[in-house]
Structures are given as C-alpha cells and as structure tokens.
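Below is one structure, written out as structure tokens; comments come after it.
FYI, side chains are in, hydrogens and waters are out, and symmetry mates aren't considered; it's all heavy atoms of this structure.
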Amino acid sequence: MKNKELAEKLNRVAEYLEMGDVDYKPFAYRRAASSILELEESVEEIYDKEGRKGLEEISGVGKNIADKLEEYILTGEIEHLKTLREKFPVDLKNMLRVEGLGPKSVKKLYENLGVENLEDLKIAASEGRVAEVEGLGEKTEKNILEAIEFLKKDEGKWALGEVLPVAREIYKRLKSLKEVKRISFAGSLRRKKELVGDVDLLVSASKTEKIMKSFTSFPNVEKVLGEGETKSSIRLREGFDADLRIVGEKSFGSALQYFTGSKNHNIKIRKIAKSKGLKLNEYGLFDKKKKIAGRTEKEVYSKLGLTLIPPELREDRGEVEKAQKGEDFSDLCKLEDLKGDLHIHTDWTGGANSLKEMVSAARERGYAWVGIADHTEFLRIENGLSEKELSKQRKEIEKLNSKFEAQNSDFYVMQGCEANILRDGSLDISDKGLKKLDYVIAGMHSGFKMGRIEMTERLIKAMRHPEVDIISHPTGRLIKKRDSLNLDMEKIFKVAEEENVFLEINSSPARLDLKDADIKKCVERGIKLAINSDSHHLNQLENVEFGVGQARRGWAKSTDIINTLSKEDFLSLINN
DNA sequence: GCCGTTTTCGGCCCGACTGTTTTCAGTCG
C-alpha cells in the first residue's frame with residue numbers, strides 16, 4: 001500500500017522542482033514514481049529483504065532517490081520535499097488538480113498574488129487579479145474559475161478506482177476473521193457508482209468486539225471517528241472514510257438491502273411494502289410485529305413480489321417496475337461473459353509491456369481472443385505508429401498466431417489501432433494503412449476546446465469514415481478532472497445507429513466513458529458497445545471489471561457488448 | 001537525477017493546442 005504514497009511523494013518533488021525551473025530532475029523523479037507504481041512488491045518489502053541495494057535495483061531509482069525512499073520508510077518523511085515546500089508554501093496537490101494549471105502558472109500566481117491554495121485562487125480570479133499577472137490573461141482567469149467550479153462539484157466524492165483497492169484490503173482483513181459469518185460491501189460502492197462518498201461494509205456476526213478492533217486498527221487508518229458495538233467509522237490516510245456495521249445473521253439481507261440504497265430505490269421499495277400492509281427496515285420485513293423476511297436480500301424482494309434486483313440497477317430508473325413484472329435480470333452483462341479485449345496498448349507505443357507479455361496476460365485471464373490497438377502517428381509522446389511500423393507489428397502478431405496454431409490453441413490475436421481524430425474530423429493515418437488492420441478504433445486526444453456544433457461534426461465525420469469501427473472514450477471526460485467534451489450526444493447516437501459504429505465503454509477508472517446514463521440510451525436504441533480496458537500495463541487488464549460495472553449500471557445485456565462475441569462473429573460483424 | 005552494445009559525461013519520447021503574445025511559454029497527452 002505504501003507504493004502509492006511513495007510515488008505520490010516523488011511526483012510532488014517533481015512538481016516542486018518544475019516550479020523552481022529545474023530541468024530533467026523532474027523527469028527522473030516521475031520515472032522513478034511510475035516504476036514504483038508498477039512494482040509487484042511493496043518498496044518496504046524490498047527494503048526489508050534486500051536493503052538499499054534492492055532499492056537501487058528498481059528501474060529509474062539511483063543513489064539519490066534510493067536515499068529518499070529509505071528515509072521515507074524509516075521516518076515517514078522526506079526532508080527534501082519539506083525544504084522544497086518551504087520555498088513554495090503552496091498546496092500544489094490541489095492547485096494542480098485545476099485543469100490547465102501547471103507548476104509554472106502556480107509559481108506565477110504565488111509570486112505575484114501570494115496565492116497558496118484553491119480558496120486564494122478562487123478569490124483572486126473572481127476579483128480579476130489573475131488576468132493581470134503577466135503571461136496569464138482574461139481567458140485563463142475564466143478557465144480557472146470554471147475548472148474550480150468543476151472540481152467543487154465532486155468535492156467529498158471519490159473515484160471508484162481510488163476507493164476499491166483499499167476497500168478490498170479491509171474486506172479481506174475482516175473476512176479472514178472466524179467471527180465474521182457474512183460480509184459485503186454496501187452503499188454506492190456496491191452499486192459500482194463512478195463516484196462514491198465512502199466505503200460501506202456490512203458484516204453479520206454474533207460477537208462484534210474483535211471484528212471492530214480489527215477494523216479500527218487497519219494499517220491505513222488516520223483517525224478513528226467512532227467505535228461502537230454495531231457501528232464504527234474510520235478515516236483512511238487516502239482521505240475517505242469507511243463505515244462498518246455489524247448485524248445479526250437473521251437481519252443481514254434486510255440490512256444489506258437497506259444500506260445498499262439508493263435512497264430513491266429504497267423509498268420505492270418501502271412504499272411497496274407499505275401498500276401490502278408490511279413494514280421494511282434494516283432489521284427485516286415485518287407483518288405487524290412478526291418478521292417475515294430478512295436473512296437474504298432475495299427473500300426480502302421476493303416477499304414483496306419482486307425479483308432480486310442487481311445492486312448496479314438500484315437507482316429508481318425503472319428497475320422496480322421491471323422486477324414487479326418478473327424480469328430476472330440474468331442476461332445483464334457479466335465479467336465472465338467477456339471473450340476478449342479490443343483496446344490494449346503495448347511497448348510499441350506508450351505501453352509498459354511487450355506485445356507478447358500483454359497477449360499472454362490476456363490469455364491467462366481466460367480470453368478467447370485479444371485485440372492490440374496501439375496509437376497512430378499523431379501521438380508522438382506515445383510514439384504513435386506509422387503505417388510501416390504497423391506492418392512490422394502485424395508480422396509479429398502473425399508469428400504469435402502461428403505459434404498458437406502450432407500449439408493447437410484457438411487463441412487469436414487481432415490487430416487494430418487507436419487512430420487519432422484530428423481537429424477537422426480526419427484521421428492521422430491513411431485509409432490504405434487502416435484497410436490492412438482487422439479493425440479500427442478512433443478517438444480524440446487533442447483539441448478539447450471546441451464549440452458544440454464543430455466538436456459534434458468532428459466526431460461524426462470520423463464515425464462516417466468507412467474504416468472506423470469503434471470510437472474510444474467517446475466523451476473524453478476524466479473523472480473529477482475534466483468535464484465531458486462539448487458534444488450533442490443525441491446526434492452521436494443517431495450516427496452510431498446509421499453507420500453501425502460501436503461506442504466504447506472505456507474501463508480505465510479515470511475515464512469510465514461512456515457514462516451509465518449514456519450507456520442506457522445506447523442500449524435502448526440497440527447501439528452495440530465495446531467494454532475495453534485501454535491497458536497500458538498488464539495489471540490494467542483487470543480494469544474491465546469497472547467497465548462491466550458501468551455497463552451494468554447502464555442496463556447493458558451481454559448481447560449489447562461486442563466483446564462477448566466469438567472472434568469469428570466479431571470479425572463478420574465488423575466486416576459487414 | 002538516472003542511465004549507458006555511449007565507461008563517466010551528455011542526453012533525457014515531442015507535437016498540438018491554448019492563450020498569451022506578436023514569437024512563445026505552459027499544459028496536455
């Protein structure tokens with residue numbers, strides 16, 4: 001768990017150094033940070049086992065950064081970072097969350113206006129002082145104000161991808177206790193919402209003391225907010241809270257139903273109970289004083305004349321009515337329905353792992369096929385591939401396929417690409433180059449500030465391109481960071497229908513793009529979707545879990561998702 | 001600050017876009 005913290009510290013050093021106009025060192029610190037994030041082992045473990053030498057063997061870590069890692073492991077501080085902070089006493093972490101604001105601008109704002117944090121910045125900008133700083137101007141000031149507004153919108157909310165790994169650690173810790181009979185996440189986390197307020201855990205047990213002790217002594221606890229017999233709360237070092245509730249075995253189902261929500265879903269469910277002369281609360285479903293259900297959620301729903309509604313659907317978007325009619329939701333898409341992943345990067349472009357490594361990791365996941373979709377020319381930073389390089393990659397892919405064939409394996413690797421949609425809607429690679437590929441993904445990676453009409457036309461032009469099959473991360477949003485692009489989604493959906501273009505559900509926890517409401521619209525119109533990991537590292541293949549959660553929140557069935565097809569069916573769909 | 005089919009200093013993914021300027025700095029990917 002410490003790796004993430006350490007990487008963050010190193011990145012922060014890089015940012016402060018950039019503020020101080022230092023060259024190259026920031027790059028070194030960033031590189032070290034990113035290789036630490038990719039380690040399988042924790043830096044602490046490496047240090048325990050192999051000492052300093054082990055630290056220096058981490059790629060990108062030399063003598064100096066090893067010093068800092070050692071210092072942090074031993075003291076929990078990095079003196080160098082403290083010194084840098086004294087020079088520029090600004091809340092860099094939060095200031096840099098403002099889209100469009102980098103270390104250099106933060107420095108200007110601090111030196112000219114004494115801006116140290118977001119509040120200062122907001123005041124300065126709304127008083128018109130930001131525009132007067134040399135190098136900044138009125139538009140920058142306006143953009144800053146808008147970006148701060150956007151940040152404020154999701155204040156106190158955390159991205160599912162940030163919360164879930166920590167939540168799982170707590171879950172595992174509690175589950176290992178013999179006193180714990182049943183355990184589940186509840187709340188928005190269980191509903192797989194893209195933003196969650198906190199971690200809700202529900203446990204059934206008769207003896208609670210040991211469980212509560214284990215919970216409040218979790219290593220990442222910053223503060224115990226409350227500790228009781230049936231309910232405790234902790235604040236984690238990551239910044240969010242976790243709540244644990246313990247109930248009796250006979251109430252686990254009703255409590256789970258109650259604490260999973262959503263609020264609007266539960267209001268509707270309780271109304272149904274009331275209309276039947278029953279009462280529903282976290283302790284059970286009651287007929288007068290007699291408890292008639294509570295042990296399982298299924299029992300509760302069933303006694304109310306409803307089928308069991310999957311947590312991801314519990315938003316009062318029509319699921320209750322469907323459940324009343326007997327719909328069993330079993331065809332909703334599931335992780336195990338995915339037969340492949342169409343959006344995988346390799347070290348041919350910006351990925352961390354080789355083609356071979358990515359392919360074998362995908363194979364180990366139990367996929368039947370996989371699609372490599374590296375960047376094309378325009379994205380120089382990602383070493384986007386030229387037509388010629390794509391042909392070379394193709395040869396390597398064909399080699400892998402022959403190998404699989406020789407092993408009598410049906411596993412198959414397809415070659416696609418993620419082409420860039422330029423400002424005018426054209427692609428950064430020739431039709432001739434695209435024709436050689438099995439399929440084509442296109443996506444927007446630049447030019448985010450365009451008017452609605454222009455932006456919509458741009459995307460539509462790309463969708464109408466005869467070679468384009470899939471649009472990656474269609475709205476371009478970054479969760480808690482950047483709002484969706486200015487697109488007329490109705491028009492986009494219409495063209496997707498006309499052109500048989502598939503829209504991506506990008507599983508990267510930073511994106512989750514399309515969002516649930518858009519997915520639901522696609523499903524209703526019969527537009528097919530692709531759940532892709534957009535992996536740049538083999539650890540990221542498992543991110544499809546987030547995409548599946550998102551798809552389920554959008555009511556997508558397995559038949560709506562093209563990754564559930566066999567390779568043959570997928571290719572014939574693409575070629576028609 | 002790290003790295004080296006460059007042994008010990010010189011190079012370090014780079015182009016588009018935006019908003020500031022009026023030729024370029026900062027940010028993003």
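Rounded to whole Å, atom C1' of B:dA16 lies 13 Å from atom NE2 of A:H445. In this structure, A:L55 places its CG atom 16 Å from C1' of B:dG1, rounding to the nearest Å. Atom P of nucleotide B:dG26 and atom CD of A:E15 are separated by 16 Å, given to the nearest angstrom.
Within 4.0 Å of A:K142, counting heavy atoms only, lies no atom of the nucleic acid at all. As judged by a 4.0 angstrom heavy-atom cut-off over every strand, A:L136 is placed among residues touching the sugar-phosphate backbone only. Across all strands, A:E134 comes closer than 4.0 Å to no nucleic acid atom at all (heavy-atom distances). No contact: A:L10 has no heavy atom under 4.0 Å from any strand. Note on A:K25: a base of the nucleic acid sits closer than 4.0 angstrom, heavy atoms only. Contact annotation for A:N143: backbone-only contact, meaning every heavy-atom pair under 4.0 Å involves sugar-phosphate atoms and none involves a base. Residue contacts shown for A:P103 are limited to sugar-phosphate atoms, with no base heavy atom under 4.0 Å away.
Distances shown here put a side-chain N or O of A:N64 below 4.0 Å from the OP1 or OP2 atom of B:dC2. Contact annotation: A:R30 does not reach the phosphate of B:dC12 (side-chain N/O to OP1 or OP2, under 4.0 Å). Between A:K107 and the phosphate of B:dG26, there is no side-chain N or O to OP1/OP2 separation shorter than 4.0 Å. Taking only side-chain nitrogens and oxygens, A:S59 never comes nearer than 4.0 Å to OP1 or OP2 of B:dC2. Residue A:T140 places at least one side-chain N or O under 4.0 Å from the OP1 or OP2 atom of B:dT20. Here A:R423 reaches the OP1 or OP2 of B:dT18: one of its side-chain N or O atoms lies under 4.0 Å away.
Counted by atom type alone, A:N64 and A:D67 present zero donor-acceptor pairs between their side chains at under 3.5 Å. For the residue pair A:N117 and A:D91, no side-chain donor N or O sits within less than 3.5 Å of a side-chain acceptor on the partner. Judged purely by distance below 3.5 Å, without hydrogens or angles, the side chains of A:E499 and A:H465 never pair a donor atom with an acceptor atom. Using modelled atom types, one finds no donor on one side chain facing an acceptor on the other under 3.5 Å when comparing A:T346 with A:N353.
Below 30°, between 30° and 60°, or above 60°: for A:H445 and A:H473 the angle between ring planes is above 60°, a perpendicular geometry.
When the P atom is used for both B:dT27 and B:dT20, the distance is 13 Å, rounded to whole Å.
Annotated as anti: B:dT18, whose glycosidic dihedral deviates from 0 by more than 90°.
In terms of position on DNA chain B, the residue among A:K63 and A:K449 whose nearest nucleotide sits closer to the 5' end is A:K63. Both A:R511 and A:G447 lie near DNA chain B, and the one whose nearest nucleotide falls closer to the 5' end is A:G447.
The partner of B:dC14 is B:dG29, judged by Watson-Crick or G-U wobble contacts that both fall below 3.5 Å.
In this structure, A:Y24 packs face-to-face on the six-membered ring of B:dC12, meeting both the 5.5 Å centre cutoff and the 30° plane limit.
Just one residue in the list A:D534, A:D513, A:N532 forms a side chain to side chain donor-acceptor pair (under 3.5 Å) with A:N506, and that residue is A:D534.
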